[in-house]
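Values reported hereafter were calculated over all heavy atoms of this structure, with side chains retained and with hydrogens, waters and symmetry mates removed. Note that ligands are numbered from 1 as they come in the structure, with each ligand's atoms numbered from 1 the same way.
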Amino acid sequence: MAKSALITGITGQDGSYLTELLLSKGYLVHGIVRRSSSFNTARIDHVYKDPHDPNRRVILHYGDLTDSTGLRRVLEAAAPEEVYNLGAQSHVKVSFENPEYTADADALGTLRLLDCIRDHVQHTGRKVRFYQAGSSEMFGAAKPPQNETTAFYPRSPYAVSKVAAHWYAVNYREAYGLFITNGILFNHESPRRGETFVTRKITRAVGRIKAGLQDKLFLGNLDARRDWGFAGDYVDAMWRMLQHSEPGDFVVATGKAYSVREFAEAAFAAAGLDWQKYVQIDPSYFRPTEVDFLLGDATKAETVLGWSPKTDFSQLVKMMVEADIGLAEGERLVWANNCQTYSMA
Ligand code: NAP
Ligand code: F7E
């Protein structure tokens, strides 16, 4: 029998890579999708099959982390062996603007799901393993390098919510003997990264500037330093955590940090451009409280799980820039085609 997994946040960056990984391992993958007035499944369309297809291995359910009744129903229907809780309002700056919603989805949402699992396990006698998507943002202002023993010092409503979710997960592990593991993942990026996160915002701009579709890029704090890895590598760490004999807490990082300025410089250079000609500072992107320096120590994940990152900083930058140059070139062709159509009309 194939193993089955349930993923919240399946339509996000990590959800899409994790789905691909689990399918490659023969899993049946259930995913929770939010109802939206426009399509929000672009990242997983390539693995999705029509419900009438007898060979489909991705099953989507409408649901929301703010709706416990729906979560309970999906969990009962999917009856998964593994649950990956990746769903979240994941943007730090947005969390200052929508703190209450962020707490509802990210902190209470995790509690709702844990409580559904607790009841499901109790009344069915089934074994369910749970992965909680924790974040290096939980370390916030703590001195780098940060590892599993570093005390949390969250600096945003997002980070506070993730700390709450982390401790709910620890408490449910200890109180009910459930297999619950917290991943504490440092920033991870890819060509599928949301376009308002700084790396993708930069590589999208590089592509569009190269194609002549944009001439400026407005950024906030260039001095912040982050430990950036590749999302495709990091979902493998998530899976390994749930295959391990014991639950626990694991930091996942590359062990190298770069500033936003260095990322911008590398990304523009990868396209043969000088970043200083295009980047301008817009203070509206500054955060009320900033996280200055995140640098992870993933020794535990390396020794216990045998995990290590495969993609380094320059490979990541190159991968993202190349993908976004391709995307912008497509946009340019559509634009040129439209101009031609209208000039003939
Ligand atoms: P992402 O691209 O922003 O994806 C977030 C996912 O959560 C999307 O599928 C989104 O659905 C879904 N979602 C948002 N609100 C929801 C709600 N109320 N109910 C159900 N689903 C909801 O995030 P990501 O980069 O893949 O990150 C995955 C998880 O890891 C998140 O929990 C994030 O906080 C955490 N994390 C990320 C990083 C990183 O560097 N990427 C590092 C550490 C931790 P829509 O598609 O409909 O918006
Ligand atoms: O910001 C600075 C900004 O939004 C990185 C999420 O996945 O990783 C992510 O959170 C840095 C910050 O990511 C702009 O001030 C400058 O210092 O790309 P970001 P984040 O806040 O680190 C963690 C681990 C998560 O868990 C989160 O879910 O870049 N920065 N200028 C900017 N940031 C943005 N977004 N936009 C700018 O224009």
Q. Among protein heavy atoms, which lies nearest atom 15 (O) of ligand 2, and at what distance?
A. Glu290 OE2, 2.6 Å
Q | Element-labelled atoms of ligand 2 that are located less than 4.0 Å from some non-hydrogen atom of Gly220 | A | 14 (C), 16 (C), 31 (N), 38 (O)
Q) How far is atom 27 (C) of ligand 2 from its nearest protein heavy atom, and which residue and atom is that? A) Ser90 O, 3.3 Å
Q: Measure the distance from atom 35 (N) of ligand 2 to every protein heavy atom, then report the residue, atom name and distance (to 0.1 Å) of the closest one.
A: Thr196 O, 2.9 Å
(Q) Using a 4.0 Å heavy-atom cut-off, which part of Val92 comes near ligand 2: side chain, backbone, both, or neither? (A) side chain
Q | Step-by-step salt bridge (charged side-chain N to carboxylate O under 4.0 Å, His left out) determination, Arg261 to Glu265 | A | CA-CA 6 Å; Arg261 182 181 287 99; Glu265 190 175 352; over 6 Å; no
Q | Closest protein heavy atom (residue, atom, distance) for atom 16 (C) of ligand 2 | A | Asn221 O, 3.3 Å
Q: At a heavy-atom distance under 4.0 Å, which protein residues reach ligand 1? Sort them by chain and number, would you?
A: Gly9, Thr11, Gly12, Gln13, Asp14, Arg34, Asn40, Asp64, Leu65, Leu86, Gly87, Ala88, Ser90, Tyr101, Ala105, Ala133, Gly134, Ser135, Tyr158, Lys162, Leu185, Phe186, Asn187, His188, Arg193
Q: Indicate whether any N or O donor in one side chain lies under 3.5 Å from an N or O acceptor in the other, for Thr102 and Gln89.
A: yes
Q.
Pairing donors with acceptors under 3.5 angstrom, does anything connect the side chains of Asp324 and Thr203?
A. yes
Q) Could an N or O of ligand 2 be found under 3.5 Å from any N or O of Ser136, whether backbone or side chain? A) no
Q: Mind checking the CZ-CG spacing from Phe130 to Leu113? Nearest 0.5 Å is all I need.
A: 4.5 Å
Q | Residue part near ligand 2, for Leu222, under 4.0 Å between non-hydrogen atoms | A | neither
(Q) With a heavy-atom distance limit of 4.0 Å, tell me whether Val260 approaches ligand 2 through its side chain, its backbone, both, or neither. (A) side chain
Q) Is a side-chain N or O of Arg129 found less than 3.5 angstrom from the main chain of Val83, in a donor-acceptor match? A) no
(Q) Nearest 0.5 Å, please: how far is CG in Asp292 from CZ in Arg226? (A) 8.0 Å
Q) How about His123 and Glu76: does a side-chain donor come under 3.5 Å of a side-chain acceptor? A) yes
(Q) On a heavy-atom basis, I'd like to know which of Asn187, Ile184, Leu185, Thr199 is closest to atom 13 (O) of ligand 2. (A) Asn187
Q. Mind checking whether Val198 has an N or O less than 3.5 Å away from an N or O of ligand 2?
A. yes
Q) Which is it for Lys256 and Glu262 under the salt bridge (charged side-chain N to carboxylate O under 4.0 Å, His left out) test, yes or no, and what are the steps along the way? A) CA-CA 12 Å; Lys256 293 203 168 58; Glu262 286 170 316; over 6 Å; no
**Q.** Test log, rule side-chain contact (heavy atoms from CB on, under 4.5 Å), inputs Lys310 and Gln315
**A.** CA-CA 10 Å; Lys310 304 274 174 291; Gln315 290 168 317; over 6 Å; no
Q. Got a sec, which pairs hit ring-ring contact (aromatic ring centres under 6.0 Å, His included) with one end in residues 216-238, sequence neighbours left out?
A. Tyr17-Phe230, His188-Tyr234, Trp228-Phe263, Tyr234-Trp307
Q.
Among all protein heavy atoms in this structure, tell me which lies nearest to atom 1 (O) of ligand 2, with the distance rounded to 0.1 Å.
A. Arg287 NH2, 3.5 Å
Q. Just heavy atoms, cut-off under 4.0 Å: does Arg193 contact ligand 2 by side chain, backbone, both, or neither?
A. side chain
Q.
Whether the Thr41 and Asp45 side chains hold a donor-acceptor pair (N or O, under 3.5 Å, no angle test) is what I'd like checked.
A. yes
(Q) Evaluate Arg226 for polar contact with ligand 2, using N/O atom pairs at a separation under 3.5 Å. (A) yes
Q: Decide whether Gln146 and Ser136 meet the rule of one side-chain donor and one side-chain acceptor closer than 3.5 Å.
A: no
Q.
Would you say Thr110 and Asn85 are linked by a side-chain donor-acceptor pair, where the criterion is simply a distance under 3.5 Å?
A. yes
Q | atom 38 (O) of ligand 2 [closest protein heavy-atom partner, distance rounded to 0.1 Å] | A | Lys201 NZ, 2.7 Å
**Q.** Near-ring test Tyr153/Phe139, centroid separation under 6.0 angstrom
**A.** no
Q: Using only heavy-atom distances, determine whether the side chains of Asn182 and Gln132 contain a donor-acceptor pair under 3.5 Å.
A: no
**Q.** Numbered atoms of ligand 2 (with element) below 4.0 Å of Ala224, judged on heavy atoms
**A.** 17 (O)
Q) Counting only heavy atoms, which portion of Tyr158 has something under 4.0 Å from ligand 2: side chain, backbone, both, or neither? A) side chain
**Q.** ligand 2-proximal atoms of Lys162, by part, heavy-atom distance under 4.0 Å
**A.** neither
Q.
Out of all atoms in ligand 2, which are within 4.0 Å of some heavy atom of Ser135? Include the element for each.
A. 23 (C), 24 (C), 25 (C), 26 (O)
Q: Just let me know how Phe197 lines up against ligand 2, side chain, backbone, both or neither, with a heavy-atom cut-off below 4.0 Å.
A: both
Q) At a non-hydrogen distance cut-off of under 4.0 Å, which region of Lys93 contacts ligand 2 (side chain, backbone, both, or neither)? A) neither
Q) Side chains of Asp14 and Met238: does their closest heavy-atom pair fall under 4.5 Å? A) yes
